[in-house]
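In what follows, chains are A, B, ... by sequence order, proteins preceding strands, each numbered from 1.
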Number of protein chains: 2
Amino acid sequence: MTAAPDSPAAGRAKLADVAKLAGVSVGTASKALNGNGRMRPETRQRVLAAVEQLDFRPNQHAQSLHTGRSWTVGLMTTDGIGRFSTPVLLGAEDALGAGKISVLLCDTRGDAIREQHHLRNLMDRRVDGIIVTGRRTDPRPPLKGIEPIPTVYALSPSTDPDDISVVSDDLSGAQLAVEHLLATGRTRIAHVTGPAHHAAAQDRARHTVELLEHSSLELATGRVHFGEWSEAWGRRAAEAVLRIAPDTDAFFCGNDQIARGVADTLRESGLDVPGKIAIVGYDNWDIMALACRPPLTTIDTNLSEIGRQAALRLLDAIGAQPEPGRHTVPCRLVVRESS
Amino acid sequence: MTAAPDSPAAGRAKLADVAKLAGVSVGTASKALNGNGRMRPETRQRVLAAVEQLDFRPNQHAQSLHTGRSWTVGLMTTDGIGRFSTPVLLGAEDALGAGKISVLLCDTRGDAIREQHHLRNLMDRRVDGIIVTGRRTDPRPPLKGIEPIPTVYALSPSTDPDDISVVSDDLSGAQLAVEHLLATGRTRIAHVTGPAHHAAAQDRARHTVELLEHSSLELATGRVHFGEWSEAWGRRAAEAVLRIAPDTDAFFCGNDQIARGVADTLRESGLDVPGKIAIVGYDNWDIMALACRPPLTTIDTNLSEIGRQAALRLLDAIGAQPEPGRHTVPCRLVVRESS
DNA sequence: TTCCGGCAGAAAAACGTTTTCCCAAGTGAG
DNA sequence: CTCACTTGGGAAAACGTTTTTCTGCCGGAA
């Protein structure tokens, strides 16, 4: 039982088949498809009809071999695909998919050997570009040995200012939080956040202090409480803050987990949130923010927008219009019941 | 200022360059590289040395064009890249990366149009295979129109039993939980889980009931408590259970969020966990399980192992050794302080 | 010496496009 | 009626491999 001559099982149609059916040469068929060259409209129609009839789809390997473009970009993530890189990744995939570009996923697990390995692989595949995303906002050293391949760093900027980076605007985040608290009448604000050696913690803390100074205020406890990005730390820190400054009327927390820890301690201490004390988190991690009692007011970092912009800037760079430097994406305030 | 003849900037070396440097023909150089054909060891060495010197790397597009293999598999995820698909995806990427195969990421966002679009794209790229992963364990209809491309369904099995599926073994999960509770002396066990229309909830509940019957026991409240996969539901359900059956001595929950909700209610009711009541969750979602007070004993579904196995079975299928059917991956009990 | 077999390596075909170059026929002007 | 141009379309080169086929050459046996 052999397949009928024009059955799909007879193997993918190639351009030569299309040409034969349309009664033209391969070259002409190609031109008809791509709109190049000049020919009678009627001829073009014949080719297009043949394409339709045979369900022809060009072989991308042949195309890529000839043009040198693979219509593929590599997406390197250095920390598994965590809570942070995932939205970035999806944003990028979305923006690229619209342009017929596919995403090759590479996870380095934070391992330099693996990173180098993936890099070779991407270069062997002649990817058109690379997006690098990391776990946190701390700057990272640029990829080495990718001379001619356009690259964009998302979330974690490159340490080289001549590279293209797209990052979250921590200043706008701190600003939204502080201004929101001030606008709702809070003046004795405590700041509890992650490890001091994380850029995210450090930057947000600095901005917070400066913004308060701008309004002639200072932190309720006189200092920033650095710790971990965990609920447990939030709980401990809340106790400490209340001991040092019982009149605190707001907590601005470095992330939603800390905020939730704070909320738990306050609730269990019988302190009304938001009646007596307001809480603002950071990240808008829905699972955390919504499960919190009460649901958290928080700062959304627009991660998928960061991914989208990284993709668009990569497209620009591939098109030879790179805009080097560090580009920021503003945050968004999400008001819920904790403030 | 032109680049030195053998500088990397002089453009990628091609096999012809290698051949010229080694003083052989391209064909011979190719054979030397791939270990095919016969030749004097010395000749092979000369070629290899040239490869080294020029840092030659074969053009994958040319290879693929000729061999018809792309050394690429598509990974279709139907629900963004959520908490469930991510580990599966990483497991698969890991297993495939070892075999020099790269992963093309496609997110359908649950949209059929988008799914079809990605499918065309994958076929145009002549991927060697496809892995499909979904949000939950509910079966899904098979991909349409991929006749000749090997496909494996991970996490969400295909409704067609002749397809290859790799899923989590809900029976083993329920078994580990129930046997652990029985072994630690609990006999009045309540089961709180997600929506009744989710296969995961339904299956685990059924197995739980059957396992208890096996030990001549029944559920503390006489029935399964279906609801949502949320902490809020866990909190409400715990109250209900305690009202109906105050002598309940253990909660087996359908996921870690529910378990955490239960834990919160119990703690706030002054009931000692695990002294008076034990709690077992499901999923081993570290963020939830560890932040819970006390840290949760829970069932780990080995998601990354599911991804790994899906990849291996896909490799088999690509190698023309498919093993159709539904393959299960057993769960693992993680004991912490809640039991 | 002649033949045959085996071996090293060269030459060429093939994979499926795109693009450049070229030719033939038609059109208009002088 | 020719000449120069334009226009439609064909032929062929190119992309960089792999694989198959082919050609000398050498050694050994008759």
Open item on the list: So if I define the base as every atom that isn't primed, P, OP1 or OP2, how would nucleotides 19-27 of chain C read as a B/S/- string at a heavy-atom cutoff under 4.0 Å?
Closed with: BB-------
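- Here D:dA14 presents its C1' atom at 16 Å from CG of A:L15, a figure rounded to the nearest Å.
- Proximity of a side-chain donor or acceptor of A:R44 to a complementary backbone N or O of A:A32 within less than 3.5 Å is detected.
- Between A:Q63 atom CD and C:dT18 atom P there is a gap of 5 Å when expressed in whole angstrom units.
- Note: CZ (A:R126) to C1' (D:dG16) measures 9 Å, nearest angstrom.
- With D:dT17, C:dG16, C:dG9 as the candidates, the nucleotide lying closest to the side chain of B:M39 is C:dG9.
- Remark: P of C:dG16 and CG of A:D17 are 9 Å apart, rounded to the nearest angstrom.
- Distance NZ (B:K20) to P (C:dA10): 14 Å, rounded to an integer number of Å.
- Heavy atoms from other residues, nucleotides or ligands lying under 6.0 Å from CZ of B:R135 number 12 at most.
- A salt bridge is absent between B:R136 and B:D138; no separation between the charged side-chain nitrogens and carboxylate oxygens falls under 4.0 Å.
- Atom CH2 in A:W71 sits about 14 Å away from atom C1' in C:dT18, given to the nearest Å.
- Using a 4.0 Å heavy-atom criterion, one finds that A:T43 contacts the sugar-phosphate atoms exclusively.
- What separates CD of B:Q45 from C1' of C:dG9 is a distance of 17 Å, to the nearest Å.
- Partners of B:R83 by salt bridge (charged side-chain N to carboxylate O under 4.0 Å, His left out), not counting sequence neighbours, listed by chain and number: B:D283.
- Listed pair B:R40 / C:dA8 fails the phosphate criterion, with no side-chain N or O lying under 4.0 Å from OP1 or OP2.
- Between the P atom of D:dT17 and the CG atom of B:L65 lies a distance of 12 Å, rounded to the nearest Å.
- Remark: side-chain polar atoms of B:T67 are paired, donor with acceptor, to backbone N or O of B:Q63 under 3.5 angstrom.
- In this structure a side-chain-to-backbone donor-acceptor pair under 3.5 Å is missing from B:R140 to B:S156.
- Side-chain N or O atoms of B:D163 include none that pairs as donor or acceptor with a backbone N or O of B:G325 at under 3.5 Å.
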